[in-house]
Amino acid sequence: MIFFKSEREKFEDELNKAFSDRNKGNIEGAVKHFLNAYEIASKSNDPEINRRAGETIFYATFYDALLKKTPEAFSKAAEQCRKLDPALPLDIGIAAKPTAGELARDLELASMIFSLPRFNINEAVKMDESIAQKYEEVGNILLGEGSRRLILEDLLNIHDSLSSVGFRLLGYARIIRALKIEADNPSKAVELYSEAMAYLQQAPPEVRSFVNDKLGKLSKTTKCWVCHREIQGEEINYIYMPASVNNYIREKYGGEASFLIADGKIAVCRVCYTMVYNLSDALAKRYYELAMKALQEVEARLNARISSLEVRVSAIRVQVGRR
Ligand SMILES: [Zn+2]
C-alpha cells in the first residue's frame, strides 16, 4: 500500500524531529529540520501552515546562532524574532517560555556582547581607543537593562546580571585609557584606575590586582636621587636602581622624600636613568672596539710570524731532501 503523507503531516513531522533533536542536544539536526519545516510552510497554500513560516525560520536562525555564537548569527535571529507577534510564547527548551518580544531583546544584547573582543589584562596595553569606546557603549546599554539576567543565561553561560556585566565593561574601557596616558599624565591615570576599581567589583581577581598594583605605584611621588626633581609614578616615571646604601646614607638622606630608598635601592627618574644607561652603553661600545682593535693587531703579528716560520720550515725540508 502506498501511503502519501499530507503536507500538514510532513510539516508536523519535521517540526517534531526538530524539537526532538534539540532535546537530545543534536542542534545541527534541529536546525536542518526547522529549515525543512520552513520550506514546507513558506510554500504552502494552507493558511494554517503558512502562517507558521516565520516561527520556523526563527527557530532555525536561533539554534544556528547558538551553534555559531557570532554577533552576525545572533543579530539574524533577533531580526527574525522581531518579525513575530511580540506576545507569542517560544519553546527554547527552558522551563519558562519567553515571548518573542522578550527574546528578541536578549538576542540583540547577545549580538552586542559577542561582538566585543575578549578582555585580557595582559593584552590590554595593545587595545586601542576604538575598543575602549565599544566597551563603553555596550556597557552603558547593559546598565540600562538593570539587574536582570539574560533569559538565555544558561544557553550562553553568562550568569551575571546585565548591570554587573555592564559595569565590568566600563571598568575595562578605563583600564585601556589609563594604560595609554600613565607616563604623560600619571595623576589622570590614577583617576581612571580609581574609577575602574569602583566598576570592577565583580571582575576576575587578576584584573583587580592589576589595577590595585597600578594605583599603588602610580600614586607614589618621590624625588630623583640624582637630580632631586619631584617625580610621580613608580616603574613609569622612575625606577629603583641598586646602589651601595649604608645606614649612614639611609639615616642622613632617607627622609628627604618618601619612597626615596627602598630595599637598598635608590629612586632614579627616567631622564637620569636613560642618561646613565646611554652613557654606559656608549662607553662599553668604545672599550669593546678598542679591545677588538688590539686583538686584531696581535693576530696580525702572530700570522706574520707563522708565515715566516712556515717559509723557514719548507726551506729546511728542501735541504734535508737533497742529502
Ligand atoms: Zn633625575
Side-chain angles (χ1 to χ4, degrees), residues 119-133 135-136 170-200 203-294:
F119 184 78
N120 175 348
I121 193 65
N122 302 314
E123 306 276 317
V125 72
K126 291 183 222 150
M127 292 180 150
D128 59 24
E129 174 56 27
S130 69
I131 296 178
Q133 266 171 30
Y135 281 141
E136 181 100 35
L170 296 185
Y172 295 161
R174 271 146 194 82
I175 293 178
I176 294 170
R177 288 175 179 144
L179 280 165
K180 300 257 176 298
I181 59 157
E182 52 187 27
D184 293 338
N185 194 345
S187 303
K188 179 74 190 160
V190 167
E191 257 174 54
L192 286 171
Y193 281 125
S194 308
E195 283 177 35
M197 207 55 190
Y199 288 138
L200 293 169
E206 68 271 16
V207 177
R208 289 178 54 81
S209 70
F210 175 90
V211 177
N212 246 331
D213 186 54
K214 284 285 184 189
L215 274 172
K217 286 180 173 157
L218 275 173
S219 314
K220 278 191 194 167
T221 297
T222 187
K223 272 186 179 170
C224 171
W225 183 276
V226 183
C227 70
H228 291 256
R229 286 188 169 87
E230 192 169 89
I231 201 97
Q232 183 184 354
E234 185 186 344
E235 283 175 18
I236 305 289
N237 286 321
Y238 72 89
I239 59 162
Y240 287 100
M241 290 179 80
S244 168
V245 181
N246 60 13
N247 274 335
Y248 170 79
I249 300 283
R250 206 188 319 271
E251 277 163 27
K252 194 163 166 79
Y253 300 110
E256 281 188 354
S258 22
F259 313 116
L260 186 60
I261 299 171
D263 301 328
K265 294 177 180 174
I266 49 165
V268 178
C269 77
R270 68 190 289 157
V271 176
C272 291
Y273 166 75
T274 47
M275 185 261 295
V276 171
Y277 180 92
N278 293 341
L279 185 62
S280 49
D281 201 42
L283 279 174
K285 255 186 211 140
R286 169 147 169 73
Y287 281 109
Y288 171 80
E289 277 158 15
L290 281 177
M292 286 311 283
K293 203 177 157 215

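We count ligands from 1, going down the list as the structure has it; atoms in each ligand are counted the same way. Quick note: residue numbers are just sequence positions, from 1. Just so you know, these numbers use all the heavy atoms, side chains as well, and skip hydrogens, waters and symmetry mates.
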Discussion item. Just so I know, are the side chains of Ile176 and Asp128 near enough to count as touching, which here means a heavy-atom distance under 4.5 Å?
Written reply: no
Discussion item. Quick check: closest heavy atoms across Val268 and Tyr273, and the distance to 0.1 Å?
Written reply: CG1-N, 3.6 Å
Fill in: Distance-only side-chain donor-acceptor flag, Gln232 / Ser187, under 3.5 Å
yes
Discussion item. Below 2.8 Å, which protein N, O or S atoms neighbour the Zn ion (ligand 1), ignoring water?
Written reply: Cys224 SG, Cys227 SG, Cys269 SG, Cys272 SG
Worksheet item: Are Glu256 and Lys223 close enough for a salt bridge, meaning some N to O gap below 4.0 Å?
Response: no
Worksheet entry | Lys/Arg-Asp/Glu bridge criterion (N-O < 4.0 Å) met for Glu235, Lys217 | yes
Worksheet item: What is the ring orientation for Phe119 with Tyr172, classed by angle as parallel under 30°, tilted 30 to 60°, or perpendicular over 60°?
Response: parallel
